[in-house]
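Below: the structure, in structure tokens.
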Amino acid sequence: MILSIISDPTTKRGREKMYEKRMDLATTFCGVTMPNPFLLASAPPTAFGHLIKRAFTMGWGGAVTKTLKPDGMEISDAKPRFATVKAKSGEIVGFQNFELVTKRPLQVWLQEIKEIKEQFPVRALIGSIMAEVDKKQWQDLAYKVEKAGADALELNFSCPHGMPERNMGAAIGQDPELTETITGWVKEAVDIPVIVKLSPNVTDIALIGKHAARGGADGLAAINTVQSMIGVDIHKQEPLPSVGGYSTFGGLSGFAVKPIGLRCIAQLNAATNLPLSGMGGIANYEHAIEYLLLGASNVQICTQVMIKGFGIIQGLTSGLVKYMQKNNYSSVEEMVGVVTPKLIEHSALERSNLVASINKDWCVGCGECKVVCNDAGYGAIEELGEKEYLVHADLCDGCSLCTQVCRRKAISLGEEKIEKVVKDHRHSRWLD
Ligand SMILES: Cc1cc2nc3c(=O)[nH]c(=O)nc-3n(C[C@H](O)[C@H](O)[C@H](O)COP(=O)(O)O)c2cc1C
């Protein structure tokens, strides 16, 4: 009853409020509240105001605009500029691009930001910006985007292609001092939160995160794409994607980069106290939860939207709600960083006696476990007869290689109190 008074469904604001209540996934990032933790990352799905509006209508909690730039900066995209790595099934597992920042005039963007915020006041709209290493350029751009109504700014210090050769993008995020200085310039110019988007293409992302914090950053976002060379057409003998027979290095995104994104978020979480926006390879709600549990306050998604469309938001939100119900979480905030204390130094990890065992009911006798244990392991798997294998516990080192290659999940590791007496497995009688 109270809800219907506050949330008048005949007004846009009321409908927005009702939406927010119904989802119950509301979360806050650097003081900006959003109805759910799923944001569109800065990329083609946020390259036009009308796309952002449609995504919001479909349920996205927020969006980071395609990176905006001062009007004087010339931007010309190569065509084609995308290439992919596919699994045997045809599914895209890695996506490479060498697209640059927006080509659209700033004035058009500022008008669109204003309209989006008027129409969708409770969704988070973050303006991504990039300029040359020039205080006035950064401050002017930041100020204009703030005045247009953006809730926060995201500084693109991380684009790995095209812009670094012009001393922008990752050229800034690979330099701790520049990162700190430019963050400071922007902080001086605006009152809204300033988020720094970092590159994984550095030796130590934690160091860069610390410098962004020193410059006054309110939050960090990671990762931008991972610098890559997607492949070579060996018949034409051309690098891919071929632009008239030539190519250049690009940025890899999508499922393949998730482990790098997760690692970066965990490292930034350990190194700074700043709130984090996590991204890289999120294809479903489980992936998003991984980022939250490792310390991200929200997540951004680009590639999965590029290959599946805005509609994935339904599965993301419903999956997250179910997970939270099952695990007794009443807010997204409660989940943030829950797994972080379980990341410890290598030397502190337990050294128990784990041994592989094969479940005969599941084993189809393909023999792949024996091959890999023989050629890259400890020679612990013996073929007893046709399609029958035995793990010799005294030889097994518990490395898990056999469990990784088994397609039937027929091998598991368990603790076994045995004395490992045979040290030199090459003398084992069952090896060739
Ligand atoms: C085609 C394409 C264009 C992109 N453009 C931008 C951009 O303008 N600014 C930016 O900060 N990141 C840009 N990104 C990087 C994404 O925002 C994101 O950091 C990266 O793709 C990792 O997330 P994902 O695996 O969900 O795609 C772009 C990515 C792609 C694939």
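Computation of the quantities below employed the complete heavy-atom set of this structure, encompassing side-chain atoms and omitting hydrogens, waters and symmetry-equivalent molecules. Counting starts at 1 for both ligands and their atoms, in listed order. Values in this document were obtained by computation on a predicted structure and should not be read as measured data.
- The side chain to side chain contact (heavy atoms under 4.5 Å, CB included) test with W138 is passed by exactly one of I182, L153, T181, V133: I182.
- Within the 4.0 Å heavy-atom criterion, both parts of T303, backbone and side chain, lie near ligand 1.
- A heavy-atom separation below 4.0 Å is found between P44 and ligand 1.
- Taking any N or O of K66, backbone or side chain, at least one lies under 3.5 Å from an N or O belonging to ligand 1.
- In terms of polar-atom proximity, G281 is counted as a contact of ligand 1, with an N or O under 3.5 Å from an N or O of the ligand.
- With hydrogens left out, the protein atom closest to atom 21 (O) of ligand 1 is S253 CB, 3.3 Å, a heavy atom.
- When only modelled atom types and interatomic distance are considered, T67 and N156 share a side-chain donor-acceptor pair under 3.5 Å.
- Looking at T102 against ligand 1, nothing comes within 4.0 Å, counting heavy atoms.
- Side chain of E180 to main chain of P176: no donor-acceptor pair is present (N/O by atom type, distance under 3.5 Å, no hydrogens or angles).
- Atom 12 (N) of ligand 1 has as its closest protein heavy atom K197 NZ, 3.0 Å.
- No donor-acceptor contact under 3.5 angstrom links the side chains of W109 and T65, judged on distance only.
- Among all non-hydrogen protein atoms, the one lying nearest atom 9 (N) of ligand 1 is T67 OG1, 2.7 Å.
- The closest approach between any non-hydrogen atom of F255 and ligand 1 is not below 4.0 Å.
- Under a 4.0 Å heavy-atom criterion, I223 is in contact with ligand 1.
- Looking at ligand 1, you'll find an N or O of S42 within less than 3.5 Å of one of its N or O atoms.
- Under the 3.5 Å distance criterion, with hydrogens and angles disregarded, no donor-acceptor pair is assigned to the side chains of N298 and T27.
- When only modelled atom types and interatomic distance are considered, E154 and Q300 share a side-chain donor-acceptor pair under 3.5 Å.
- If you check the side chains of E115 and Q111, you find a donor sitting under 3.5 Å from an acceptor.
- The N/O atoms of S128, backbone and side chain alike, include none that comes under 3.5 Å of an N/O atom in ligand 1.
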